[in-house]
Amino acid sequence: MKKIELHWRILLGLLLGAFFGFILSEIEGGKEWIQDWIKPFGTIFINSLKLIAIPLIFGSLIKGVSDLKDFSRLSKIGIRAFSFYLMTTVIAISIGLLIVNIINPGKSISESTRNQLVNEYISNTESISQTAKVQQDYGPLKMFEDIVPSNIFAAASDNRNMLQVIFFSILFGIGLILVSEAKAKPVKAFFDGFNEVIMKLVDILMLAAPFGVFALIATLIVESPNLDLFIALFWYALSIILGIFLLLGLYVVFASIISKRKPSVFIKGMAPAQLVAFSTSSSAATLPVTMERVTEHLGVDKEVSSFVLPIGATVNMDGTSLYQAVAAVFIAQAFGMHLSLEIQLGIILTATLASIGAAAVPGAGMITLIIVLAQAGIPEAGLALIFAVDRPLDMLRTVANVTGDAFCAVVVAKSIGKLGNPKIQEWDDNYIPS
Ligand code: ASP
């Protein structure tokens, strides 16, 4: 029997999970049953992914950097990666602003709906404002200060400190380049093997992905808030959905033009990672899968992917930045405010910074959205307007975030001659050599 490809299996898990969730939410006691018997499997799946994220960064970055042999290569990859991160983020925000200004979703919200939403969700947004306030009070260099940990074990004990772990790993890799070959050899060999083991773990975990995704989606459906609010926020949600799909389309088109391959290579290569991103709403949790897909299925050399992907997962969030631009303008419109061109240009800058500052975990984009709102003089209470539909939109923006990282990895790899034939050539006949 022909084996069903992984992305189809995960998609099936997702659809069955949604179906099962809908059915059980209609049955009395169904929600509790899912929470008792299905939800734990979803939690186990996410935890296992998170479990290997930090070891993966350690292993792959140390190996990746030490393989570079000299610093000029490191800075070449670094400069290109950061330029692409920035470029794609600004493009994403511009797409968001364009769409929100065409659809004008905030204008379709009546005053009574607005008041109802604010009343219902204002308490939920208070803790978000608190967290954001703390961030807003930081000095301008706080971001850099935070990257350097004082204790690597403490840093590695919290997945939110990914940038600190990245920093240490790069430093360690640089140290490895500088010591003598005799001393470096066994250390490199260790991390080489370590990497292989972690990648194997990702393969094993992927076997469980359809079941994990089933459990996550079924739980999400039974725990989601009432559907009426979705309808009130239809145009807002649609603006973001359109923007994200446009962005995803652009990635596919440009990835295939730049790599001279059929679009299906990028689509099939990334589909499992996208589905995991959709189900977990976390770029950090998806990182092991993204890494495996990009290196083994898209043919990006580890030298590039080990550097571009972990950093991209934490700082390059195109979906989040697009969402923040749309959300800010939507809230302003709903409150009857007019945003001048100047303010909207300011949003490009603040949404870029806010998306860089957002952690790669569920709901993080909504916290740093406050920075965008504050800069543009939009009422913070507006967060209550979008709270009800944030989770599904978070799922989508995480897909764009992860795909954007993979896209940057492909482009950077191609630009330095490090995009080869995928190790796993499940679409051999699709490859058009340049
Ligand atoms: N959940 C997103 C991510 O992990 C961040 C966000 O909330 O926008 O990429």
Side-chain angles (χ1 to χ4, degrees), residues 90 92-133 135-136 225-244 246-247 319-355 357-358 363-394 396-397:
V90 171
I93 299 173
S94 311
I95 292 177
L97 286 177
L98 191 74
I99 291 182
V100 75
N101 280 296
I102 294 175
I103 296 186
N104 287 320
K107 295 193 176 146
S108 61
I109 290 263
S110 69
E111 205 179 316
S112 66
T113 314
R114 190 185 76 197
N115 294 341
Q116 184 204 345
L117 285 167
V118 171
N119 288 338
E120 204 156 324
Y121 287 97
I122 197 71
S123 58
N124 300 43
T125 61
E126 263 148 27
S127 67
I128 296 183
S129 316
Q130 284 305 328
T131 320
K133 284 257 154 45
Q135 288 188 13
Q136 272 171 302
N226 94 46
L227 276 176
D228 300 346
L229 292 173
F230 275 70
I231 295 160
L233 295 168
F234 174 79
W235 291 108
Y236 159 70
L238 185 74
S239 310
I240 293 183
I241 294 170
L242 278 181
I244 299 269
L246 189 61
L247 196 59
T320 301
S321 61
L322 182 146
Y323 145 83
Q324 288 176 330
V326 175
V329 177
F330 165 74
I331 294 171
Q333 287 175 350
F335 280 95
M337 283 172 69
H338 170 72
L339 293 183
S340 64
L341 186 66
E342 223 169 276
I343 294 184
Q344 300 216 22
L345 289 178
I347 289 181
I348 298 188
L349 183 71
T350 48
T352 302
L353 296 176
S355 67
M366 198 180 194
I367 300 175
T368 55
L369 171 63
I370 294 201
I371 300 170
V372 183
L373 297 183
Q375 283 295 322
I378 301 166
E380 228 175 62
L383 278 189
L385 290 182
I386 57 170
F387 202 87
V389 288
D390 200 62
R391 181 60 197 238
L393 297 177
D394 189 6
L396 273 181
R397 62 189 192 245

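- If you take OG on S94 and CD1 on I347, they are separated by 11.5 Å, rounding to the nearest 0.5 Å.
- In this structure, the side chains of P105 and V100 come closer than 4.5 Å at one or more pairs of heavy atoms.
- Residues that satisfy the side-chain contact (heavy atoms from CB on, under 4.5 Å) test with A381, not counting sequence neighbours, are I122.
- For L238, the side-chain contact (heavy atoms from CB on, under 4.5 Å) partners two or more places apart in sequence, or in a different chain, are F234, W235, L242.
- With salt bridges taken as basic N to acidic carboxylate O contacts below 4.0 Å, one links D394 and R397.
- Checked against side-chain hydrogen bond (donor to acceptor under 3.5 Å, both in side chains), S355 has no partners two or more places apart in sequence or in another chain.
- Within the 4.5 Å cutoff, the side chain of Y236 has heavy atoms near those of the I240 side chain.
- Of all heavy-atom pairs spanning A376 and L339, the tightest one is O-CD2, 4.5 Å.
- Pairs engaging residues 344-353 under the side-chain hydrogen bond (donor to acceptor under 3.5 Å, both in side chains) rule: N101-Q344 [sequence neighbours left out].
- Between L393 and I386, the closest side-chain pair of non-hydrogen atoms is not below 4.5 Å.
- Summarising the geometry, atom CG belonging to L345 is positioned 11.0 Å from atom CD1 belonging to I93; distances are rounded to the nearest 0.5 Å.
- With contacts defined as side-chain heavy-atom distances shorter than 4.5 Å, the pair T320/L369 does not qualify.
- Considering only residues two or more places apart in sequence or on other chains, I95 meets the side-chain contact (heavy atoms from CB on, under 4.5 Å) condition with I91, I99, L246, L247, L250, L322.
- Considering only residues two or more places apart in sequence or on other chains, E342 meets the side-chain contact (heavy atoms from CB on, under 4.5 Å) condition with S340.
- Atoms OG and CG, from S239 and L97 in turn, are 11.5 Å apart once rounded to the nearest 0.5 Å.
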Taking only distance into account, with no hydrogens and no angle test, what donor-acceptor pairs under 3.5 Å do side-chain atoms of residues 323-338 form with protein atoms, sequence neighbours excluded?
residue: Y323; atom: OH; partner: D390; partner atom: OD1; Å: 3.0
residue: Q324; atom: NE2; partner: G365; partner atom: O; Å: 2.9
residue: Q324; atom: NE2; partner: T368; partner atom: OG1; Å: 2.9
residue: Q333; atom: OE1; partner: G106; partner atom: N; Å: 2.9
residue: Q333; atom: NE2; partner: N104; partner atom: OD1; Å: 2.8

